[in-house]
Amino acid sequence: MTYTITAARPEDAATLGPLHLHNWLRNYLDPAAGIDEAWIREHRGSSATAEGIAQWRDFIEAANRHPDAPHFCRVVRSDTEIVGYLCGHWEGSESITLGPMYLLDDAQGHGLGTRMMTDFLTWAGSARIRLGVVDCNKGAIRFYRRHGFDIAGERYLWRDRLPTMPMMREPLSASAATSD
């Protein structure tokens, strides 16, 4: 299988919205915690609606306007479909929020996450980067740690249900950015 990483295109929004919902349904179902299909559709289902797809399209268009855009969005394409994505955006003038980031199972283990993260970190420069990761997603936590992120506070419940860990990558100091 051949994979390529590219900037997302506006027409990718029609795939990314439903794929985002699919990823939530596949990864975060926990009926014992009250996180069932209905709850996920209530909180993430809008990404697959016409309005949600339009929001994805607007985000992608903003990311593609120029290299200094306050939005970032890359997709991983297989020979036939989009199998992953990483997005982020500036929060004010000093920090960036990373997310969402997903790779379908079949696309994992090929270095694609690291390649997307490298592109993202280059775009982010020396900014502080924040993210939230579901605390049962140990693979994602390990991945983020390998890329310089640390746990940055106490576990919290996203929308009062989904156990989430805040993580942060501190800005590079001027000396660290220039040292070998």
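These numbers come from the heavy atoms of this one structure, side chains and all, not from hydrogens, waters or symmetry mates.
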To the nearest 0.5 Å, how far apart are OG in S46 and CG in L21? 9.0 Å

Closest non-hydrogen atoms of R9 and N64, given as atom of the first, atom of the second and distance, are CA-ND2, 4.4 Å

Taking atom types as modelled, find out whether R155 and T164 have a side-chain donor-acceptor pair closer than 3.5 angstrom. no

Going from CH2 on W123 to CG on L86, what distance comes out if it is rounded to the nearest 0.5 angstrom? 9.5 Å

Closest heavy-atom pair, A48 versus I53, reported as atoms and distance to 0.1 Å, is O-CD1, 3.9 Å

If we ignore angles and hydrogens, is there a donor and acceptor under 3.5 Å between the side chains of Y85 and N23? yes

Candidate pair L104 and L19, rule side chain to side chain contact (heavy atoms under 4.5 Å, CB included), full reasoning: CA-CA 9 Å; L104 297 179; L19 183 58; 3.9 Å; yes

Mind checking whether L131 and M168 have side chains closer than 4.5 Å, heavy atoms only? no

Apply side chain to side chain contact (heavy atoms under 4.5 Å, CB included) to F72 and I96, showing your working. CA-CA 10 Å; F72 177 94; I96 293 173; over 6 Å; no

Among T15, T4, T6, the one residue meeting side-chain hydrogen bond (donor to acceptor under 3.5 Å, both in side chains) with R77: T6

Show your working on side chain to side chain contact (heavy atoms under 4.5 Å, CB included) between L98 and M117 and close with a plain yes or no. CA-CA 10 Å; L98 184 157; M117 182 62 76; 3.6 Å; yes

Between the main-chain N or O of S47 and the side-chain N or O of Q55, is there a donor-acceptor pair closer than 3.5 Å? no

Assess the residue pair D150 and R169 against the criterion (salt bridge (Lys or Arg N to Asp or Glu O under 4.0 Å)); give the C-alpha distance rounded to whole Å, side-chain angles, the decisive distance to 0.1 Å, and a yes or no. CA-CA 6 Å; D150 291 308; R169 185 176 193 262; over 6 Å; no

Quick check: closest heavy atoms across A62 and A69, and the distance to 0.1 Å? O-CB, 3.3 Å

As an exercise, state the distance from CD1 of I141 to SG of C136, rounded to the nearest 0.5 Å. 8.0 Å

Atom of V75, atom of A8 and distance for their closest heavy-atom approach: CG1-CB, 3.8 Å

Close side-chain approach of I129 and T97, heavy atoms under 4.5 Å: no

Step by step, work out the side chain to side chain contact (heavy atoms under 4.5 Å, CB included) result for V134 and L162. CA-CA 7 Å; V134 176; L162 189 65; 3.6 Å; yes

Can you say whether the rings of Y3 and H110 are parallel (under 30°), tilted (30 to 60°) or perpendicular (over 60°)? tilted

In terms of side-chain geometry, is the basic nitrogen of R161 or D30 positioned less than 4.0 Å from the acidic oxygen of its partner? no

Has E51 got more than 12 heavy atoms of other residues, nucleotides or ligands less than 6.0 Å from its CD? no

Any non-hydrogen side-chain atom of P166 less than 4.5 Å from a side-chain atom of Y156? yes

What one should report as the nearest heavy-atom pair of V83 and A107 is CG2-CB, 3.6 Å

Can you tell me how the ring of H147 sits relative to the ring of F143, calling it parallel under 30°, perpendicular over 60° and tilted otherwise? tilted

Can you tell me how far CD of Q108 sits from CG of L103, rounded to the nearest 0.5 angstrom? 5.5 Å

Tell me whether the count of non-hydrogen atoms from other residues, nucleotides or ligands lying under 6.0 Å of CD in E94 goes above 12. no

What distance separates D135 CG from K138 NZ, expressed to the nearest 0.5 Å? 5.5 Å

When you compare the side chain of L16 with that of I60, does any pair of heavy atoms fall below 4.5 Å? yes

Could you list the donor-acceptor pairs under 3.5 angstrom formed between side-chain atoms of residues 35-45 and any protein atom two or more places apart in sequence or on another chain?
residue	atom	partner	partner atom	Å
D36	OD1	A38	N	3.4
D36	OD1	W39	N	2.9
E37	OE2	R41	NE	2.8
E37	OE2	R41	NH2	3.2
W39	NE1	H43	NE2	3.2
H43	ND1	R159	NH1	3.2

Please work out whether the ring planes of F59 and W56 are parallel, tilted or perpendicular, with thresholds of 30° and 60°. perpendicular

For the rings on Y102 and H20, is their centre-to-centre separation under 6.0 Å? yes

When you group the ILVMFWY residues by side-chain heavy-atom contacts below 4.5 Å and let the links chain together, are M1 and M116 in the same group? yes

Can you tell me how far apart NE2 (H71) and CG (D58) are? Round to the nearest 0.5 Å. 9.5 Å

Minimal non-hydrogen separation, S95 against R130, with atom names: OG-NE, 3.7 Å

